[in-house]
Amino acid sequence: MTASLPATRHQGSPCRVAVVGLGYVGLPTALALHAAGMTVLGIDRDERRIAAIARGEADLVASDRRLLASAAGDERFVLTTDAGRLPEADVVMVCVPTPVDAHLAPELGALRQACETLVRQARPGQTLILTSTSFVGTARQLLVEPLETRGFTVGKDLFVAASPERIDPGRVTHTQRETPRVLGGVTPACTRRAQEVLGLVSGSAHVVGSPEAAEMTKLFENSFRAVNIALANEFADVCTSLSLDPMEIVTAAATKPYGFMAFQPGPGVGGHCIPCDPHYLLWQLRASRGSAPIVAQAMQAIADRPRQVADRVLDVLSRTGKGIAGTRVVVVGVTYKPGVRDVRSSSALDVIGLLAARGAKVDYHDPLVPSVELPNGSTVDSVVGPLGGDWDLALIHTVQPGHDYGWLEQCPIVVDATYRFLPADAAPRAEDGPSCVA
Ligand SMILES: NC(=O)c1ccc[n+]([C@@H]2O[C@H](COP(=O)([O-])OP(=O)(O)OC[C@H]3O[C@@H](n4cnc5c(N)ncnc54)[C@H](O)[C@@H]3O)[C@@H](O)[C@H]2O)c1
């Protein structure tokens, strides 16, 4: 029989928090809550994920790895796949994934299932906090309305709030604690209760008037990033066509102390949420025949970026008199940004697929990712101990910190899709070491 959670109290209040979904967001949240003195019930539907966390094998920054090591085996830190234990919790935080499908439409299956379970298991006195990114009205549609159908009065019997997560996995500055949370409860009592718990993981809360306002804030934040990254990429292409170094221009513009915020161009968008989240807004608007043309255009440009990167490789090859068919290419780094093991929505996977589809023999090297599954379902292994002379061209996608890339010196052509490592150069110099064609 499973022991029930210890009914501990924190500063006089019940403090058993269930975290539903122990991924990149949920696990650090669960660890932060445990470190703050809460009793944590970590629930994930994936047994393998639970087992991996129990073995200490999760992709975490060093400080969270230490928290995991000290939480392991503690009776206040319980990991389970059993959602039937939800009534033991005083507070439930939903951190399940909200991706998009191949048609870029929201894939709401995990969120709907988690919310249905929460509603079915809900008991009076609980506070339910939605932290997943989703469309405006999610908390009301998937939690408040079904709870009221069950006969609960939200704000009196039970409490519901939305506070979308802003964590940036792998980032050691701007930790959860240093990043304010936007929080909107259904009633002031809902906000107050949610704030008590969120205050333990985040230094401050910015309270907005409704869950919808909190949900919209998150979509605005990530749409803002999408639009600016698309613009940075567009400018990088324009700079290249005018024989200018894109990073020189970004760095120079960033010296303006107001009215400019630097966004870096690159092969992708540096995060798995950006190619995804704004589609929740666009999808929602389509139902009312509304539109957000600037966001839509940015998302189209982001979706098209891997093809532009592949085209650039073709362009470089053709300038050296080579074709793509049979050319040996190594893609350097496949994660969506340096320092994480996450390849979800990484442009590298599309780039590899596109180059292979055009006849290149494509390998990849990423010290953090031993193998990847490509969009066509095939699995490829990372080359261990790369030798630059094994390829005709290296494409830098992501450079993992602390690893030696000296072997790139031996590659006849190096294309730096990040614009960060090699100076822009309009002509490849095969005879005197690697050259970058921006
Ligand atoms: N990863 C990020 O960088 C990031 C940043 C900010 C916000 N977010 C948002 O946070 C949410 C979670 O993202 P993530 O990256 O942590 O996802 P993830 O894929 O890393 O993890 C989600 C976990 O939830 C589990 N899960 C799925 N359905 C479940 C269910 N019904 N019950 C229990 N467990 C379930 C999965 O097994 C998985 O382990 C998403 O809405 C995402 O958009 C993510």
Side-chain angles (χ1 to χ4, degrees), residues 18-32 41-54 57-61 64 78-86 89 92-100 106-121 128-136 138-139 142-143 162-171 174-176 179-182 201-202 214-215 217-223 225-226 268-281 283 335-346:
V19 177
V20 179
L22 296 173
Y24 279 90
V25 162
L27 180 57
T29 302
L31 292 169
L41 178 65
I43 301 178
D44 199 291
R45 67 178 176 188
D46 183 350
E47 266 173 39
R48 286 166 312 172
R49 177 69 181 163
I50 294 284
I53 296 169
E57 285 170 9
D59 186 11
L60 293 167
V61 294
D64 282 343
V78 177
L79 300 175
T80 181
T81 54
D82 183 6
R85 298 189 61 178
L86 277 170
V92 183
M93 293 180 66
V94 182
C95 307
V96 300
T98 46
V100 289
E107 222 181 279
L108 287 162
L111 186 61
R112 281 191 200 286
Q113 194 200 25
C115 290
E116 276 165 22
T117 308
L118 251 68
V119 170
R120 205 169 44 246
Q121 304 280 349
L128 312 180
I129 308 172
L130 189 68
T131 74
S132 296
T133 307
S134 187
F135 63 89
V136 177
T138 300
L142 301 189
L143 291 174
S163 180
E165 180 58 64
R166 292 168 143 179
I167 198 172
D168 189 1
R171 185 187 274 273
H174 299 296
T175 59
Q176 247 179 339
T179 309
R181 290 199 78 118
V182 173
V201 288
S202 163
E215 291 159 348
T217 303
K218 175 72 187 182
L219 294 178
F220 184 35
E221 286 166 15
N222 279 3
S223 298
R225 280 178 71 188
V269 291
H272 95 278
C273 294
I274 309 302
C276 164
D277 294 353
H279 286 296
Y280 276 71
L281 181 68
W283 169 83
T335 58
Y336 61 69
K337 70 174 179 186
V340 298
R341 294 170 197 277
D342 196 355
V343 297
R344 289 174 298 168
S345 306
S346 170

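All residue numbers refer to positions in the sequence shown, counting from 1. When a ligand or atom number is given, it counts from 1 through the structure's own listing order.
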Subject >> Test item: T80 and I50 side chains (from C-beta on) under 4.5 Å apart, heavy atoms >> reply: no

Original post:
Can you check whether T133 has an N/O within less than 3.5 Å of an N/O in ligand 1?
Top reply: yes

Original post:
Side-chain contact, heavy-atom cut-off 4.5 Å: L79 with L22?
Top reply: yes

Subject >> Those atoms of ligand 1 less than 4.0 Å from some heavy atom in A114 >> reply: 31 (N)

Original post:
Got an N/O contact under 3.5 Å between R45 and ligand 1?
Top reply: yes

Subject >> Q113, any N or O under 3.5 Å of ligand 1 N or O >> reply: yes

Original post:
Less than 4.5 Å apart, any side-chain heavy atom of L86 and any of V92?
Top reply: yes

**OP:** Check A110 against ligand 1 and report side chain, backbone, both or neither, counting heavy atoms closer than 4.0 Å.
**Re:** both

Original post:
Between R112 and L142, is there a donor-acceptor pair closer than 3.5 Å when you use the side chain of the first and the backbone of the second?
Top reply: no

Original post:
Under 4.0 Å from any heavy atom of V20, which atoms of ligand 1 are there?
Top reply: 32 (N), 33 (C)

Subject >> Residue portion contacting ligand 1 (non-hydrogen atoms closer than 4.0 Å) for K337 >> reply: neither

Subject >> Shortest non-hydrogen separation from T217 to R166 and the atoms involved >> reply: CG2-NH2, 4.4 Å

Original post:
So which heavy atom on T98 is nearest to which on T133, and how close?
Top reply: OG1-O, 2.7 Å

Subject >> Pair Q121, R85: side-chain N/O donor-acceptor within cut-off below 3.5 Å >> reply: no

Subject >> Side-chain heavy atoms of D342 within contact of Y24, under 4.5 Å >> reply: yes

Original post:
When only distance counts, is Y24 in polar contact with ligand 1, meaning an N/O pair under 3.5 Å?
Top reply: yes

Original post:
Which of the atoms in ligand 1, numbered in the order shown and given with their element, are less than 4.0 Å from a heavy-atom of I167?
Top reply: 5 (C), 6 (C)

**OP:** For K218, take its heavy atoms, then give the atoms of ligand 1 lying under 4.0 Å from any of them.
**Re:** 6 (C), 7 (C)

Subject >> Where ligand 1 meets D46 - atom numbers and elements under 4.0 angstrom, heavy-atom basis >> reply: 37 (O)

Original post:
Do ligand 1 and T98 have nitrogen or oxygen atoms that lie under 3.5 Å from each other?
Top reply: yes

**OP:** Begin with the C-alpha distance, continue with both residues' side-chain angles, and end with the deciding distance and a verdict on salt bridge (charged side-chain N to carboxylate O under 4.0 Å, His left out) for E165 and R181.
**Re:** CA-CA 7 Å; E165 180 58 64; R181 290 199 78 118; 3.1 Å; yes

**OP:** Could you say whether the N/O atoms of V25 and ligand 1 ever approach to under 3.5 Å?
**Re:** yes

**OP:** Consider every N or O of R166 and every N or O of ligand 1, then say whether any pair is closer than 3.5 Å.
**Re:** no

Original post:
Under 4.0 Å from any heavy atom of R49, which atoms of ligand 1 are there?
Top reply: 39 (O)

Subject >> Nitrogen or oxygen atoms of T131 and ligand 1 under 3.5 Å apart >> reply: no

Subject >> Qualifying residue for side chain to side chain contact (heavy atoms under 4.5 Å, CB included) with V94, from T131, L118, I129, L128 >> reply: L118

